[in-house]
Amino acid sequence: MAKRNPHLAKLQSGYLFPEINRRKKEFLAAHPQAKLISLGIGDTTQPIAPPIIKGIVQAVKRLGKRDTYTGYGDEQGITELRERIASVLYHGRVKGEEVFVSDGAKPDTGRLQMLFGSDTVMAVQDPSYPVYVDSSVMMGQTGPLSSKTSQFKGIAYLPCTPDNGFFPSLGNAKDAGVIFFCSPNNPTGAVATREQLKALVDFAKENRSIIIFDAAYSQFIRDENLPRSIYEIPGAKEVALEVSSFSKSIGFTGVRLGWTVVPNELCFDDGTPVRKDWNRIMTTVFNGASSIAQYGGIAALEREGMKEMERTVSYYMENASIIRQALRKLGYTVFGGDNAPYLWVQTKGMTSWDAFSFLLQKAHVITTPGSGFGPSGEGFLRFSAFGHREDVLEAVKRLEKIL
Ligand code: MLT
């Protein structure tokens, strides 16, 4: 008989977003006429811009001709794309050979767990993107679940709250081999300053930890003084790898394209370069991102593509500003939404799931309950700024009626 991976049984319930979907379907079954508006999952709605589509279409056409057809590519990605990511997005701070192109930041986060095995303590911002904790649980890095706090004993939770400006006390990560850190943060929308990231890098050096820096929303940073990459901090290449994505900035949530930077300098405590093991993992369990998607990525990093990327991001950030202003007028305390496509809203005393259900039932607006991102998310709702403008305006109108 095949034995079940015992760690899977420790996962509390379904993954957060399918659970929200389940509740949405349940609601629709009871109210088939309801016109729901989703400000829940961060899924893009704007079409992919023409110069990027052109890159994709050309790649598709090449596949249709015997002379230009290509099969498997390098597992690490097309060299031109790797070089372009390094030069255009990292301004040469990293080398093309250090960029591993993939099908997205989320699958990379899951695969990164293989680097560390089950004996490593993971530290996570609390609240945080649920994939960090759930994939750690699957790998068995978690110890038992404490019924009092619903926290796993083998995971170091780093509370990020309004009181600490959403930057955690790093001392809580002293047992952690790996620190997940997301900036701009999903879900709080907070962006770490240069000084805060320097403190994080210094801590990781002293503590001999590796940082997994999630920069999936870096293109949404409007304030030029805020760092878009951990590699803007001197010395970060010795302690951090960075995952990122084309999903949100150019509408590739369905196309799938992301990358992980693994610097040559980054080593495990026994001196083995992390890049060597990541290359081994990726060449074993991954066959490379779709070539079609990669040519879309190359087009996105050309001058016209970059302009379009900026246009798309600005559109969503205007949505964020509309939602923020409306909620503030209604007397809510709202964080984020100025350098990130997420707004983190205090529920005025309701539990997160109660507030979620209230808005679903009364306004037919879907949000994401903050407690789904960790214990410190209780009492918050996350609003996503991804959506068509008319839907965002309609959602705001409905909220104004009921709140
Ligand atoms: C979110 O809503 O947090 C994200 O869309 C989920 C994801 O990118 O996987």
Side-chain angles (χ1 to χ4, degrees), residues 11 13-24 36-46 102-113 124-136 138 160 166 180-191 212-220 242-260 289 293 312-313 316-317 319-320 323 335-337 339-345 352-353 356 359-360 365-374 376-377 380-388 391-392 395:
L11 290 167
S13 58
Y15 181 60
L16 177 61
F17 294 104
E19 172 61 21
I20 290 172
N21 223 6
R22 190 188 66 72
R23 293 186 188 218
K24 171 180 144 187
L36 296 185
I37 297 177
S38 176
L39 302 178
I41 189 165
D43 196 5
T44 46
T45 53
Q46 290 308 102
S102 73
D103 53 349
K106 177 174 169 177
D108 270 357
T109 302
R111 287 185 289 253
L112 280 167
Q113 297 283 3
V124 293
Q125 289 158 293
D126 169 27
S128 67
Y129 184 40
V131 179
Y132 312 145
V133 168
D134 285 7
S135 61
S136 299
M138 290 171 184
C160 296
F166 299 102
F180 281 99
F181 199 94
C182 179
S183 177
N185 188 268
N186 177 11
T188 64
V191 183
I212 298 181
F213 191 76
D214 184 345
Y217 298 94
S218 61
Q219 295 302 322
F220 290 80
E242 180 165 307
V243 293
S244 199
S245 168
F246 282 107
S247 284
K248 313 293 160 105
S249 56
I250 59 170
F252 269 26
T253 47
V255 176
R256 310 302 312 148
L257 192 64
W259 67 91
T260 293
T312 304
V313 165
Y316 292 130
M317 292 309 288
N319 284 348
I323 301 168
F335 301 94
N339 290 290
Y342 295 122
L343 299 107
W344 191 237
V345 182
S352 300
W353 276 108
F356 166 87
L359 293 190
L360 175 59
V365 170
I366 298 170
T367 54
T368 308
S371 55
F373 297 98
S376 297
F380 288 86
L381 278 183
R382 192 195 74 174
F383 284 71
S384 145
F386 296 103
H388 296 301
D391 290 338
V392 167

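We count ligands from 1, going down the list as the structure has it; atoms in each ligand are counted the same way. Scope of the values below: all heavy atoms of this structure, side chains included, with no hydrogens, waters or symmetry mates. Position 1 is the first residue of the sequence; numbering continues from there.
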Test side chain to side chain contact (heavy atoms under 4.5 Å, CB included) applied to Leu359 and Leu381, step by step = CA-CA 10 Å; Leu359 293 190; Leu381 278 183; 3.6 Å; yes
task = For the pair Trp344 and Phe383, evaluate ring pair (Phe, Tyr, Trp, His ring centres under 6.0 Å) and give the outcome as yes or no after the intermediate values.
result = CA-CA 7 Å; Trp344 191 237; Phe383 284 71; over 10 Å; no
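Protein residues with a heavy atom under 4.0 Å from ligand 1 are Phe17, Ile41, Gly42, Lys106, Tyr129, Asn186, Tyr217, Lys248, Tyr342, Arg382.
Between Tyr342 and Phe386, the two ring planes are perpendicular [angle over 60°; tilted spans 30° to 60°]. Ring planes of Phe356 and Trp353: perpendicular class, angle over 60° (limits at 30 and 60°).
Every side chain to side chain contact (heavy atoms under 4.5 Å, CB included) that Thr368 has, sequence neighbours left out, goes to Leu16, Phe17, Ile20, Phe373, Arg382.
Salt-bridge formation is not detected for the pair Asp214/Lys106: no Lys NZ or Arg NE/NH1/NH2 atom is positioned less than 4.0 Å from an Asp or Glu carboxylate oxygen.
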